[in-house]
Each structure stands twice: as C-alpha cells, then as structure tokens.
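Everything below concerns the one structure shown next.
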Amino acid sequence: MCGIIGYTGERDASPILIAGLRRLEYRGYDSAGAATCRQGMIDIRKRAGRVHVLEELIDREPLPGVHGISHTRWATHGPATDANAHPHLGGRSQAEVAIVHNGVIENHTALRGELERAGFRFMSETDSEVIAHLIAQALEEEHDLFEAVKRILPRLEGTYGLVAISPAHPGVLIGARMGSPLLVGMGEGEQILASDASAVAPHTRQVVYLQDGEVARLTPSGFDLVHRDRGVVAPRVDRIDWRPDAAELGRHAHYMIKEIREQPATLVDACRGRINRRDATACFGGLNLTPRALRRVRRVVLIGCGTSWHAALVGEYLIERIAHLPVEVEFASEFRYRNAPLDDRTLVFVLSQSGETADALGALREANRLGHPTLAIVNTVGSTIAREAMGGVYLHAGIEVGVASTKAFTAQIAVLTLLALHLGRLRGLSFQEGLAIVEALEEAPGLMQDTLNLEPLANQAAEPIAQARSVLFLGRDLLYPVALEGALKLTEVTYIPAHGYAAAEMKHGPIALVDETTPCVFLAPRCSLYAKTVSTIEEVRARGGIVVAIGTEGDRVLPGLASIFLPIPDAPEVIQPFLCVVPLQMLAYHVGLRLGRDIDKPRNLAKSVTVE
Ligand code: M6R
C-alpha cells in the first residue's frame with residue numbers, strides 16, 4: 001500500500017523516480033508526487049490522480065536533480081487531493097526536509113497539535129505530514145538528518161516505511177522501517193530506497209531488506225544501517241532472482257489477463273521439484289519439520305485475507321479429504337485479536353501473495369508470540385512474512401501485478417494440494433491414492449491450458465453479467481471456495497455486487513434475489529455432488545433466473561438448462577478448482593472490459609494492503 005522510491009547517484013533522478021512509480025503504481029494509485037534537492041532547495045511536484053498525471057506535470061515543469069524521493073498513494077487520512085499527495089515538506093518558514101511515508105501514524109492528532117503549538121503550519125490532512133515537521137524540528141538541534149530521523153522515530157506510534165531528504169544534506173537519503181516494507185537497492189555509484197523490489201530491479205539485483213526498527217543512511221557510494229535501539233547492523237545482501245521484464249505487459253492488454261494466461265506455467269512452477277512420484281507423495285524443502293513432527297499434528301489452521309483466504313478454504317477441503325486432519329480457516333484480521341487456542345499439535349500456516357499484508361503479518365506475529373511454530377505460504381521472495389515465519393513454501397508464481405489476484409490463487413491451491421498429499425501420505429493415504437493425486441496434478445497444467453480457450457465464451461457470458469444488478473456464484477464442496485473467489489473477482493474488477501454461496505445454501509435465503517436481473521453462475525462439473533447441484537440449477541430456472549454454468553465437456557444436461565454453458569475438460573475432482581476458476585477470472589475480466597473499468601487498478605483498492 002503506497003509505493004515509495006528514492007534515488008541518490010549521478011543520474012537525473014526524476015526519470016528513475018517516475019519509472020519506479022510506474023512499477024509501484026499497483027500498490028496505490030490515488031495520487032503521486034516527487035521531490036528533489038538541488039542547490040540548497042527542495043523542488044516538488046505532486047498531483048491527485050495516476051502516475052501519468054504527475055509525469056505530464058514534470059514534462060511541463062521539469063524536476064531536475066540527482067537526489068530525490070517519490071510516492072504513489074493509497075489514501076488513508078484525507079482524500080486524494082494535490083495537497084494530501086506525498087512528498088510532504090517539513091519546516092517553519094521554509095522547507096527543511098521532504099518525506100514520503102507508507103503506513104499509518106496512529107498518534108498523529110496529538111503530534112499535530114503539539115507541532116502546531118510549536119509554530120509549524122500544516123498543509124495537508126494526512127497523518128504523514130507530522131513526520132516531516134518532527135524531523136525539521138529535530139534538525140534544529142541535531143543538524144544531521146540521520147540523527148534527526150533516529151531521534152523522532154520513538155515518537156511515532158503505528159507503522160511506517162519512510163524516506164527523508166533535506167537540501168542541507170545533498171545526496172543523502174534516510175530510510176526507516178516499522179511495519180511497512182523498505183529495501184535498499186545497491187548500485188554502482190548510486191543507491192535506491194524503495195518499498196518494493198520491482199522498482200529497483202531494472203537498476204540492480206543486489207538488495208538489502210530493512211527489518212523493523214532499522215534505519216538506513218544512503219549516499220551515492222554506499223549505505224549504513226543501524227537499528228534504532230541496538231546500533232550498527234551488518235546488512236544481509238539478497239539477490240533479486242527474477243527478470244525485471246517479468247513485470248512487463250508484453251502483448252497482453254492488461255496484467256490481469258496476462259496473469260490468467262500464465263497459470264498453466266505457474267502451476268508447473270509451483271509443483272516443480274515438489275512431487276515425489278516414487279513414493280507417491282510431495283516434498284518441501286522449507287517446512288523445517290520432520291516427518292515425525294508432522295505425524296504428531298492433530299489440527300491445521302490456515303490464515304489469510306481475501307483471495308488467500310479463499311485458497312485456504314480450498315486447502316481446508318483438500319486436507320480434510322486427503323489427510324483426514326481437522327482444518328480451520330481464519331481471517332487474519334480476526335485471528336490476530338481473538339486469542340484463538342492453539343496447542344502444540346496444531347500446525348499454523350499464513351497464506352499471502354505479497355507477504356506484506358498487515359493483517360496476515362499481524363496474525364503471524366501473534367502466533368509467533370504465542371511460541372507457536374508458524375509457517376508461511378508466500379509468493380514474494382524476501383517479504384516480511386516469508387522472513388518472519390519459521391519455515392514455509394514459496395509459490396514461485398512470479399511477480400503478480402494485477403490488483404485482482406489470479407495466478408497466486410492457483411499457485412496457492414497447488415501448494416495446498418501438495419501439502420494435503422504430504423500430510424495424507426504420512427497418515428492413511430495409500431500409495432495408489434497418492435499416485436492418483438500426483439497424476440492429476442501432473443495433468444492439471446495441460447488441462448488448464450485447454451480452459452484458456454474458453455475466453456470467447458467467457459466474453460459471451462460477460463454480456464448478460466455486465467447488465468446485471470447483482471450476481472450469485474454457486475458451487476459445492478471444493479468448488480464452494482472457488483465460487484467465493486469468482487464473486488470476489490467480479491466485485492473488485494467490475495464493481496457489480498456479487499455473492500458466493502455453497503450451492504445448497506441457496507434455498508436458505510439467497511434464492512430471494514433470483515430474477516432476470518441477477519444471473520447465477522454455477523460450478524457444476526461432473527463430481528460426487530453433480531446431481532444435487534443440477535437440482536439447484538433447476539430451482540433457479542423455475543424462478544426465471546439466468547444461469548451460466550461451468551460443467552464438464554460432453555455434459556448433456558447443463559447446455560439445456562443454462563443460457564451459457566462453459567465446458568471444462570473432464571478431470572478428477574481434486575484438480576477441478578484449477579479448471580473452474582479460470583473461466584470465472586476471465587468472466588470478471590471481460591465484464592470489467594465491457595464496463596470500461598480500470599482492470600488492473602480497480603477503484604479504492606491496492607495490491608498490497610499494508611495497513612490494518
Ligand atoms: O497479498 P495477500 O495475499 O496477503 O493479499 C490478500 C488480499 O488483500 C488479496 O488477496 C485481495 O483480496 C486481492 N485484491 C484479491 O484479488
């Protein structure tokens with residue numbers, strides 16, 4: 001949430017800052033701004049709106065300088081206006097410092113009152129502006145930006161990833177982190193501070209992720225790192241192992257459709273090296289738990305938010321079915337505060353694409369605080385959740401840019417299927433049963449590739465849905481969470497209210513919505529509950545409802561019942577979630593297109609939700 005990039009070096013900063021913001025825009029896109037220090041002055045440009053609005057402004061009014069900061073905002077305090085856009089300036093009569101901030105300063109009201117009484121004038125409604133004035137005030141005594149930032153940090157309650165510059169300290173960038181990600185990109189004669197590796201990847205592969213409490217001082221020739229309480233820190237250098245062009249659109253119109261189309265490949269990557277055919281099981285390098293420890297497990301808790309929560313629900317069905325272990329799925333935001341009992345035979349996993357979601361991180365820390373070994377299923381390598389978990393599994397889905405998560409979802413359920421297999425084979429799952437799952441997983445990428453051919457039909461189904469007042473998504477068993485995910489995808493990309501239900505729940509209430517303005521999208525491939533789902537479809541038809549059905553190719557019943565029938569390949573139940581979610585993702589995409597929505601940056605959302 002909110003993207004930050006700061007640069008110090010020999011090159012003109014603003015093109016680097018703007019290019020970085022473009023890569024970070026998926027994190028927040030209400031407003032954008034940049035500031036440079038030059039000839040003892042701060043020069044600043046900022047605007048409500050997307051990064052291109054800022055870019056056009058800088059084209060008209062250039063922002064020279066080799067030392068600067070920039071920000072793309074997801075509003076928390078104060079609407080998206082020019083004044084509320086970052087950077088914010090601090091100082092009394094003139095700007096002594098400029099800052100950009102990601103996070104929330106919870107005690108900003110008290111700090112603001114205090115600073116106003118001390119003579120500082122506020123120009124915005126944001127919580128962030130207090131940071132700028134606090135640093136400026138500290139500079140009156142410290143005369144050193146690094147010291148001034150370190151001095152004010154204990155006064156900030158809440159979360160921050162922040163970067164500060166001052167015209168009195170040419171070439172110096174100060175970054176500090178508490179709860180919001182920040183990393184140093186180490187270049188030759190230049191250094192970058194950013195909230196996300198995607199912004200630094202075109203310039204360097206060498207990065208140092210800041211930990212909470214750490215403060216960095218960057219100059220073109222290098223950087224120093226300290227912990228605000230513990231002093232000097234020896235930096236751990238990580239390497240970005242993906243290509244910067246992985247985040248390019250290529251021939252695709254939007255990231256969402258690019259990422260939908262990548263799924264057969266990401267499914268292969270999620271399973272690569274993790275299938276052990278000889279023993280009909282799965283293996284994971286990073287779980288850090290012995291087979292003996294895993295056999296002792298009596299309960300599994302899966303924690304996530306949004307799409308990751310839906311993937312966890314698929315995991316619940318899979319683990320209970322395959323490994324016969326009780327599973328609970330928790331919203332991270334609820335888990336972290338509800339004091340859930342965990343015993344030493346419970347295995348806890350936190351699922352997160354970004355690895356930075358504040359609620360998911362809070363849940364992980366709560367479980368860690370309880371002394372509970374907590375594992376992570378994460379996509380972003382080096383993210384905070386990945387680093388703070390005791391062990392875990394990477395999705396290897398590659399960078400996901402579209403705000404609507406797609407390929408991370410299928411990679412998550414791939415990992416959860418493997419986990420269920422692994423846990424199952426440590427219990428009562430026979431070799432033959434295990435092998436059937438292995439074979440289904442091996443077949444899944446090819447079948448998923450076939451479902452991508454449904455795009456024209458998904459586009460056809462998009463027509464009635466685009467005119468709908470609301471939409472119901474219905475599925476059973478493993479496909480119930482997929483129905484929830486289909487509803488979430490449609491809601492976030494198109495703004496049409498959509499609800500997902502377990503199909504049999506329909507008659508307990510949602511059926512009241514059924515009429516010609518509320519289409520029902522059914523997931524009804526051949527499976528053990530197929531006949532029951534067909535009965536629910538009949539009930540909808542009897543009430544004049546429009547039905548869109550996803551079923552198995554060759555089905556003789558569904559084409560007669562549904563206005564539009566999307567046939568997926570015949571496949572074992574265990575891999576049907578992979579095949580059913582693809583047409584739902586494409587449906588959301590095409591409805592969004594028809595309605596002229598900003599597909600990759602839906603309103604009010606951000607890719608990585610780093611505030612509570
Ligand atoms: O990065 P995470 O998986 O932790 O993100 C969780 C949710 O914020 C995320 O899945 C969100 O619901 C997506 N916009 C869904 O498409």
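Numbering of ligands and ligand atoms starts at 1, following listing order. Note that this is a predicted model, so its numbers are computed, not measured. Note: hydrogens, waters and symmetry copies are ignored here, and every other heavy atom, side chains too, is used.
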Polar side chain donor-acceptor pair, [X] to [Y], under 3.5 angstrom:
X      : Y      : result
Glu356 : Thr384 : yes
Gln263 : Thr406 : no
Thr307 : Glu485 : yes

Counting each atom of ligand 1 from 1 as listed, which ones have a heavy atom of [X] under 4.0 Å away?
X      : value
Ser308 : 2 (P), 3 (O), 10 (O)
Ala404 : 16 (O)
Ser405 : 15 (C), 16 (O)
Ser354 : 1 (O), 2 (P), 4 (O)
Gln353 : 1 (O), 2 (P), 3 (O), 4 (O)

Under 4.0 Å from ligand 1, counting heavy atoms only, is it the side chain of Lys489, its backbone, both or neither?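 Side chain only; the backbone of Lys489 stays clear of ligand 1.
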
Heavy-atom contacts under 4.0 Å between Ser352 and ligand 1: side chain, backbone, both, or neither?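 Ser352 to ligand 1: contacts from backbone and side chain alike.
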
Looking only at protein heavy atoms, which one is nearest to [atom], and what is the separation?
atom                    : answer
atom 4 (O) of ligand 1  : Thr357 OG1, 2.5 Å
atom 8 (O) of ligand 1  : Val609 CG2, 4.0 Å
atom 9 (C) of ligand 1  : Thr307 N, 4.1 Å
atom 7 (C) of ligand 1  : Cys305 O, 3.6 Å
atom 14 (N) of ligand 1 : Glu492 OE1, 2.9 Å

Aromatic plane relationship, His71 with His86 - under 30° parallel, 30 to 60° tilted, over 60° perpendicular: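 Correct class here is parallel.
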
Can you list the steps and then say if Asp598 with Arg603 is a salt bridge (Lys or Arg N to Asp or Glu O under 4.0 Å)? CA-CA 8 Å; Asp598 193 344; Arg603 72 178 179 210; over 6 Å; no

Partners of Ala458 by side-chain contact (heavy atoms from CB on, under 4.5 Å), sequence neighbours excluded?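 Applying side-chain contact (heavy atoms from CB on, under 4.5 Å) to Ala458 gives Leu566, Met586.
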
Can you tell me if Val403 has a non-hydrogen atom under 4.0 Å from ligand 1?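 Flag set, Val403 near ligand 1.
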
Which residues satisfy the salt bridge (Lys or Arg N to Asp or Glu O under 4.0 Å) test with Arg177, sequence neighbours excluded?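 By the salt bridge (Lys or Arg N to Asp or Glu O under 4.0 Å) rule, Arg177 matches Asp212.
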
